[in-house]
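Values below: every heavy atom of this structure, side chains too, minus hydrogens, waters and symmetry copies. What you are looking at is a predicted structure, and each value in this text was computed from that prediction instead of being measured.
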Amino acid sequence: FFFLMIRRPPRSTQSRSSAASDVYKRQVSTQSTWGIQIKTGMILTKLVRNFSTTAKHTHHSLKAIIEAQIKELKQTGVYKTERIITSPQRISIQTNGQNVLNFCANNYLGLADNQDIIEAAKRTLDTHGFGLSSVRFICGTQDLHKELERKIAAFHQKEDSILFTSAFDANAGFFETFLTEEDAIISDQLNHASIIDGVRLCKAKRFRYNHLDMQDLERILQETQNARLRFIATDGVFSMDGDFAPLDQIVALAKKYHAYTFVDECHATGFLGETGRGTPQLFGVEKEVDFISSTLGKALGGGSGGYITSRKEVVDYLRQKARPYLFSNSIAPAIVGASLKVFDIIDNQPQLIQQLNTNTKVFREGMQKAGFKILGNQACPIVPVYIGDAKLAGELAEELLQEGIYVIAFSYPVVPKGQARIRVQISAAHKPADLEKAITGFTNVATVSYTHLTLPTIYSVQISVVAVSLKKKK
């Protein structure tokens, strides 16, 4: 209800004769005031009623919309379920009361259950406590955080580094710190979601070049030469495709057009390159990549936390401006202490990288020999097995679980529509028998066929179309 307070016009102190001429005007004014106030009250009352009805309607609509979308996700085979693991993360894990071989973790070096790392975490709990209950610049920086940042910088041959609670946060905070509407960010078409979201947060003009297409990248560099700053952003290893960014070519183009290179090394740090320094080492440009983003949560023990490593002034400015750094708690001491041990292991146990390379070669060649279409670089331990249909990929993954092989199917929007795949990830901890069991598991549940087509062109190009189907149970 709305109560209207109407103030009567004050009595005139003028004489009756002088006021007579204004009677008509006052009457019109009073009637007009009443009309406006009554009309205003009616409008406001109607707005409140409409708001109440709309709020109730919106509530029911949201529920209906979500339920319809979830139903569609399930029908198309892209609805994600979370399998519950009741063991530590390692090669042989337990889920739903079943022991299975894990072929879908980012545990590339097999360090997730390494006893030396676990002991380092326990010792750090005793010496530095459980948590810090603070962001870094208030009272959340311990000596261990600074020690780890120095070690990360030395590992990547950079001047300094800065820790974030996750690599996603590192990417989210990086671009908006440096880039304005005067700048340009040039990104690979298939970059990770964290780079995409980080780019969205900044005001720079955005450009995408075709995946790994250096001619397209150069075209954009030529067209953006009026920008104040230009950053080329790419994954070092593309986690859904298993291929590598040609960093030597990217760095050469960056130098030619006075741009800077940003490389996300989350699926490369610790195991790619001769000593695990990632794609910059693999392509011989360790000192020439300007900014490296990576994680402590994959090959480096599988804990949590991310980082940016670069020149001192870059890191210093990130400490002042990067919002995820300024407004997130420090990484827990136990993770920091354990991560310090991880870097010691990588430097002192090169056989881990060698074993991973051997396992990758064995599995890729074995799957190709079995007829499967395998994506990516032959040296990459990320092994995408191309399926195509999203629902079929999900069904195959479930059948493989019954074979004792734990893998996950990936489909849209993680990968393009119609390009679903099962991503297999190899670890240094896999034994030859594990690899053989996985290959046998795929052949037990799937049938692969190829159709040879000749395209009607002047060159008579012949292509092979792969088709994977689920084997029928007897």
Pairwise side chain to side chain donor-acceptor pair (under 3.5 Å) hits with a residue in residues 237-248, at least two apart: His211-Asp243, Asp241-Arg421
Lys391 atom NZ: more than 12 heavy-atom contacts under 6.0 Å: no
May I ask you to check whether Ser294 and Thr269 show a side-chain donor-acceptor distance below 3.5 Å? yes
Would you give the length of the straight line joining atom CG of Asn377 to atom CD1 of Ile382, rounded to the nearest 0.5 angstrom? 11.0 Å
Is a donor on one side and an acceptor on the other found under 3.5 Å between the side chain of Ser330 and the backbone of Gly140? yes
Please check if atom NZ in Lys146 has more than 12 non-hydrogen atoms from other residues, nucleotides or ligands closer than 6.0 Å. yes
Listing, residues 434-441 side-chain donor-acceptor contacts under 3.5 Å, not counting sequence neighbours, or none:
| from | atom 1 | to | atom 2 | distance (Å) |
| --- | --- | --- | --- | --- |
| Asp434 | OD2 | Lys431 | N | 2.8 |
| Thr440 | OG1 | Glu436 | O | 2.9 |

Please name the pair of heavy atoms, one in Ser293 and one in Asn171, separated by the smallest distance, quoted to 0.1 Å. OG-OD1, 2.7 Å
If I take atom CZ from residue Phe164 and atom OG1 from residue Thr295, how far apart are they, to the nearest 0.5 angstrom? 12.5 Å
Taking C-beta and beyond as the side chain, do Lys158 and Arg311 meet within less than 4.5 Å on heavy atoms? no
Flag the pair Arg200 and Glu176 as a salt bridge only when some basic side-chain nitrogen lies within less than 4.0 angstrom of an acidic carboxylate oxygen. no
Output, in order, the C-alpha distance, side-chain angles, deciding distance and verdict of salt bridge (Lys or Arg N to Asp or Glu O under 4.0 Å) for Lys341 and Asp116. CA-CA 8 Å; Lys341 184 63 179 178; Asp116 291 335; 5.2 Å; no
Between CD1 on residue Ile422 and CZ on residue Phe410, distance to nearest 0.5 Å: 10.5 Å
Just do the side-chain hydrogen bond (donor to acceptor under 3.5 Å, both in side chains) check on Asn107 and Ser427 with the steps written out, would you? CA-CA 6 Å; Asn107 189 22; Ser427 171; 4.8 Å; no
Measure across Gly305 and Ile331 and return the closest heavy-atom pair with its distance rounded to 0.1 Å. CA-CD1, 3.8 Å
Does the side chain of Gln89 come under 3.5 Å of the side chain of Asn102 through a donor N or O and an acceptor N or O? yes
Can you tell me if Thr141 and Arg136 form a side-chain donor-acceptor pair at under 3.5 Å? yes
Nearest 0.5 Å, what's the OG1-NZ distance between Thr261 and Lys255? 9.5 Å
If every non-hydrogen atom of Ala379 is compared with every non-hydrogen atom of Phe244, which pair is closest and at what distance? C-CZ, 4.2 Å
Please tell me if the side chains of Ile408 and Arg83 come closer than 4.5 Å, counting only heavy atoms from C-beta onward. yes
Answer whether the closest heavy-atom distance between the side chains of Val385 and Lys373 falls below 4.5 Å. no
Is the terminal nitrogen or CZ of Lys74 (NZ for Lys, CZ for Arg) located under 6.0 angstrom from the six-membered ring centre of Tyr79 and within 45° of that ring's axis? yes
Sub-4.5 Å side-chain heavy-atom contact between Thr180 and Asp183: yes
What do you reckon, is CZ of Arg323 surrounded by more than 12 foreign heavy atoms closer than 6.0 Å? no
Can you check whether Ile346 reaches Leu300 side chain to side chain, under 4.5 Å on heavy atoms? yes
Do other residues, nucleotides or ligands put more than 12 heavy atoms under 6.0 Å from the CD atom of Gln215? no
I'd like to know whether NZ of Lys203 has more than 12 heavy-atom contacts from other residues, nucleotides or ligands below 6.0 angstrom. no
Are Phe103 and His430 close enough that their ring centres sit under 6.0 Å apart? yes
Report yes if some heavy atom in the side chain of Arg150 is under 4.5 Å from a heavy atom in the side chain of Glu147; otherwise report no. yes
Min side-chain heavy-atom separation Gln378-Gln368 under 4.5 Å: yes
Salt bridge or not for Glu218 and Lys256, using N-O below 4.0 Å? yes
Do the ring planes of Tyr317 and Phe178 sit parallel (below 30°), tilted (30 to 60°) or perpendicular (above 60°)? tilted
Neighbour count >12 (heavy atoms, 6.0 Å) for atom CD, Glu274: no
Scan the side chains in residues 230-238 for donor-acceptor partners under 3.5 Å anywhere in the protein, sequence neighbours excluded, and list what turns up.
| from | atom 1 | to | atom 2 | distance (Å) |
| --- | --- | --- | --- | --- |
| Arg230 | NH1 | Leu221 | O | 2.5 |
| Arg230 | NH1 | Thr224 | OG1 | 3.2 |
| Arg230 | NH2 | Tyr257 | O | 2.2 |
| Asp235 | OD2 | His192 | N | 3.2 |

Could you go through Gln94 and Thr86, starting from their C-alpha distance and side-chain angles, then the distance that decides it, and tell me whether this counts as side-chain hydrogen bond (donor to acceptor under 3.5 Å, both in side chains)? CA-CA 6 Å; Gln94 191 171 67; Thr86 54; 3.3 Å; yes
Any chance the side chains of Glu159 and Ser310 put a donor and an acceptor closer than 3.5 Å? no
Student check: side-chain heavy atoms of Leu132 and His145 closer than 4.5 Å: yes
When rounded to the nearest 0.5 angstrom, what distance separates OG1 in Thr95 from CD1 in Ile85? 6.0 Å
Atom CG of Asn96: over 12 foreign heavy atoms under 6.0 Å: no
Looking at Glu265 and Lys298, is any side-chain nitrogen of the basic one under 4.0 Å from a carboxylate oxygen of the acidic one? no
Which pair of non-hydrogen atoms, one from Pro324 and one from Ser328, has the smallest distance, and what is that distance? O-OG, 2.8 Å
Quick check on the 6.0 Å ring-centre criterion: do Phe174 and Phe262 meet it? yes
Less than 4.0 angstrom from a charged side-chain N to a carboxylate O is my criterion; do Glu365 and Lys369 meet it? no
May I ask you to check whether over 12 heavy atoms, not counting those of Gln189, lie within 6.0 Å of atom CD? yes
is_close_aromatic(Tyr307, His156), centroid dist under 6.0 Å: yes
